[in-house]
Amino acid sequence: MSKKILITGASGTVGTAAAKHLAEKGHYVIGVSRSVDENCYSECHQLDLLDGKDLERLEDVLEDVDVVFHLAWNVGVENFDTGEKWPGNMEMYENVLNAAAKAEVSTFINGSSIHAGTGSIPAYTVEASLEDTPEPYRSSIDPETDFDLRKEEPEKLLSALEDDPDSPYGESKVETEHVLREKVEDGVFELGVSIRIGGVNPEDKKEIEGEPYYPSLYWSHADLGRTVERIADSKEKGYFQFYGVSDNPGRIFSIETVFHPEN
């Protein structure tokens, strides 16, 4: 059944990849951003999620929307490598949550990050220190070894339910997860999902030059799109949280979820 899905941060890499897949599958996809590629969306709205008048417009746009996928985030001032938080990001998040709640949207998807759970994995921090990464994660991430944690010691894969932020940015993402969980527990949304998104790039490459550990956290456009569609079509209720990473060699994240494309 076709769903009406609104994506914030729609001009970004993740939003564009998700929108293309969902549109190809016949869903009605609304893009909200400061600038949107109209080719990916059924309709587009340029809205400032910190502006009162634009938030009133957002409430109108949300009419009859089934799913919100929130990705809007000013990564220029707050990302895993900036070393600081920007309050505007949490304010945008709260604004979209409140507007979606007012519009009685049933499903809310939160675009979180792997950086909410990689505090003990220095290879994924701004220093990219493989040497300081503990075993068995170091060997699994290291492209020069054949060790594969998902096959050798799967019980040690990182759980998405554990909070271990690696930066102020990671701390903010943990906060978004907690806020959504509380909203679901309070009955505001029937289904709430936080995805700790891994590596997504515009060209959908499994390897990135200058980033030797990228292959272990890559999330393909196909897996991303199918996962979001599974959530949109799901009859599940409650709160769920998982890593958005493909089943890559050397993967150190648990990707078990009822919304996995293979399920």
Side-chain angles (χ1 to χ4, degrees), residues 1-8 14-15 17-29 65-71 93 96-97 100-101 104-118 148-151 153-164 173-174 176-200 216-249 251-263:
M1 181 183 296
S2 177
K3 294 295 179 67
K4 195 172 185 180
I5 303 166
L6 183 144
I7 300 176
T8 68
V14 175
K20 287 181 177 178
H21 176 89
L22 294 167
E24 288 173 358
K25 295 299 182 179
H27 297 283
Y28 192 91
V29 190
V65 164
D66 301 297
V67 182
V68 168
F69 186 11
H70 180 72
L71 295 165
Y93 181 64
V96 175
L97 277 171
E104 298 184 346
V105 173
S106 62
T107 300
F108 195 99
I109 307 172
N110 169 35
S112 186
S113 168
I114 62 164
H115 294 285
T118 54
D148 194 336
L149 185 66
R150 62 186 178 150
K151 296 180 178 180
E153 299 183 68
E155 71 279 0
K156 293 185 178 180
L157 291 169
L158 297 183
S159 169
L161 299 180
E162 296 182 6
D163 298 340
D164 186 18
K173 289 299 186 178
V174 168
T176 65
E177 296 169 356
H178 290 182
V179 169
L180 180 56
R181 181 190 293 272
E182 291 176 3
K183 294 286 187 182
V184 173
E185 290 175 349
D186 290 342
V188 176
F189 302 106
E190 292 184 6
L191 175 61
V193 181
S194 288
I195 307 176
R196 291 186 171 180
I197 298 171
V200 182
S216 62
L217 54 82
Y218 162 73
W219 199 22
S220 72
H221 288 195
D223 285 347
L224 187 167
R226 289 196 297 261
T227 300
V228 174
E229 185 178 22
R230 287 292 298 272
I231 297 170
D233 289 338
S234 176
K235 295 182 180 179
E236 296 282 349
K237 294 184 179 182
Y239 179 77
F240 298 82
Q241 189 167 298
F242 59 90
Y243 281 107
V245 175
S246 293
D247 191 17
N248 313 303
R251 168 174 60 81
I252 67 169
F253 306 96
S254 171
I255 57 174
E256 183 177 349
T257 171
V258 295
F259 306 114
H260 194 282
E262 301 300 322
N263 288 343

Non-neighbouring partners of V184 that pass side chain to side chain contact (heavy atoms under 4.5 Å, CB included), sequence neighbours left out: L180, F189, Y239
Has S246 got a side-chain atom pairing as donor or acceptor with S220's backbone, closer than 3.5 angstrom? yes
Please lay out, stage by stage, how D247 and K151 fare under the test salt bridge (charged side-chain N to carboxylate O under 4.0 Å, His left out). CA-CA 11 Å; D247 191 17; K151 296 180 178 180; over 6 Å; no
Mind listing the closest non-hydrogen atom pair of E177 and A116 along with its distance? OE2-CB, 3.8 Å
With a 3.5 Å distance limit and no angle check, can you tell me whether S234 reaches the backbone of I231 through a side-chain donor-acceptor pair? no
Sub-4.5 Å side-chain heavy-atom contact between V14 and L224: yes
So if I apply the ring-ring contact (aromatic ring centres under 6.0 Å, His included) rule between F253 and each of F242, W219, Y243, which one comes out positive? Y243
Can you check whether L6 reaches F69 side chain to side chain, under 4.5 Å on heavy atoms? no
For K156, enumerate each residue passing the salt bridge (Lys or Arg N to Asp or Glu O under 4.0 Å) test, keeping only those at least two apart in sequence or located in another chain. E153
Any side-chain donor near an acceptor of the partner, E190 and S106, under 3.5 Å: no
Do the non-hydrogen side-chain atoms of D164 and T118 ever get within less than 4.5 Å of each other? no
Are the side chains of Y93 and V179 in contact, using a 4.5 Å heavy-atom criterion? yes
Pairwise distance OG(S112) to CD1(I195) - rounded to 0.5 angstrom: 9.5 Å
Who passes side chain to side chain contact (heavy atoms under 4.5 Å, CB included) against D233, sequence neighbours left out? K3, H27, E229
I want to check something: taking the side chain as every heavy atom from C-beta on, are L149 and L157 in contact at a cut-off of under 4.5 Å? yes
When every non-hydrogen atom of A100 is compared with those of V68, the smallest separation belongs to CB-CG2, 4.2 Å
Is any side-chain heavy atom of I109 closer than 4.5 Å to a side-chain heavy atom of V228? yes
With distance as the sole test, does N248 use its side chain to make a donor-acceptor pair with the main-chain N or O of Y218 at under 3.5 Å? yes
How about D66 and I5: do any of their side-chain heavy atoms sit closer than 4.5 Å? no
Under 3.5 Å, is there a donor-acceptor pair between the side chain of T8 and the main chain of L71? yes
E104 CD: over 12 foreign heavy atoms closer than 6.0 Å: no
Residues two or more places apart in sequence or in another chain: which of them pass side chain to side chain contact (heavy atoms under 4.5 Å, CB included) with P249? D148, R150
List the residues meeting side-chain hydrogen bond (donor to acceptor under 3.5 Å, both in side chains) with S216, not counting sequence neighbours, and say none if there are none. Y124
State, yes or no, whether a side-chain contact exists between K237 and L191 at a heavy-atom distance under 4.5 Å. no
Can you tell me how far the NZ atom of K25 sits from the NZ atom of K20, to the nearest 0.5 Å? 15.5 Å
Test of understanding: with side chain to side chain contact (heavy atoms under 4.5 Å, CB included), list the residues that count as partners of A19, not counting sequence neighbours. I7, V29, C40, Y41
Side chain to side chain contact (heavy atoms under 4.5 Å, CB included) evaluation trace for F259 with V193: CA-CA 10 Å; F259 306 114; V193 181; 4.0 Å; yes
Separation between CZ (R226) and NE2 (H221), nearest 0.5 Å, reads 12.5 Å
G117 versus R196, closest heavy-atom pair with distance: CA-NH1, 3.6 Å
How many angstroms lie between CG in N110 and NE2 in H178, if you round to the nearest 0.5 Å? 11.0 Å
Just by distance, with hydrogens left out, do D223 and H260 show a side-chain donor and acceptor under 3.5 Å apart? no
Might you point out which heavy atoms bring V188 and A101 nearest each other, and give the distance in Å? CG1-CB, 3.4 Å
So does S194 get a backbone contact from the side chain of Q241, meaning a donor-acceptor N/O pair under 3.5 Å? no
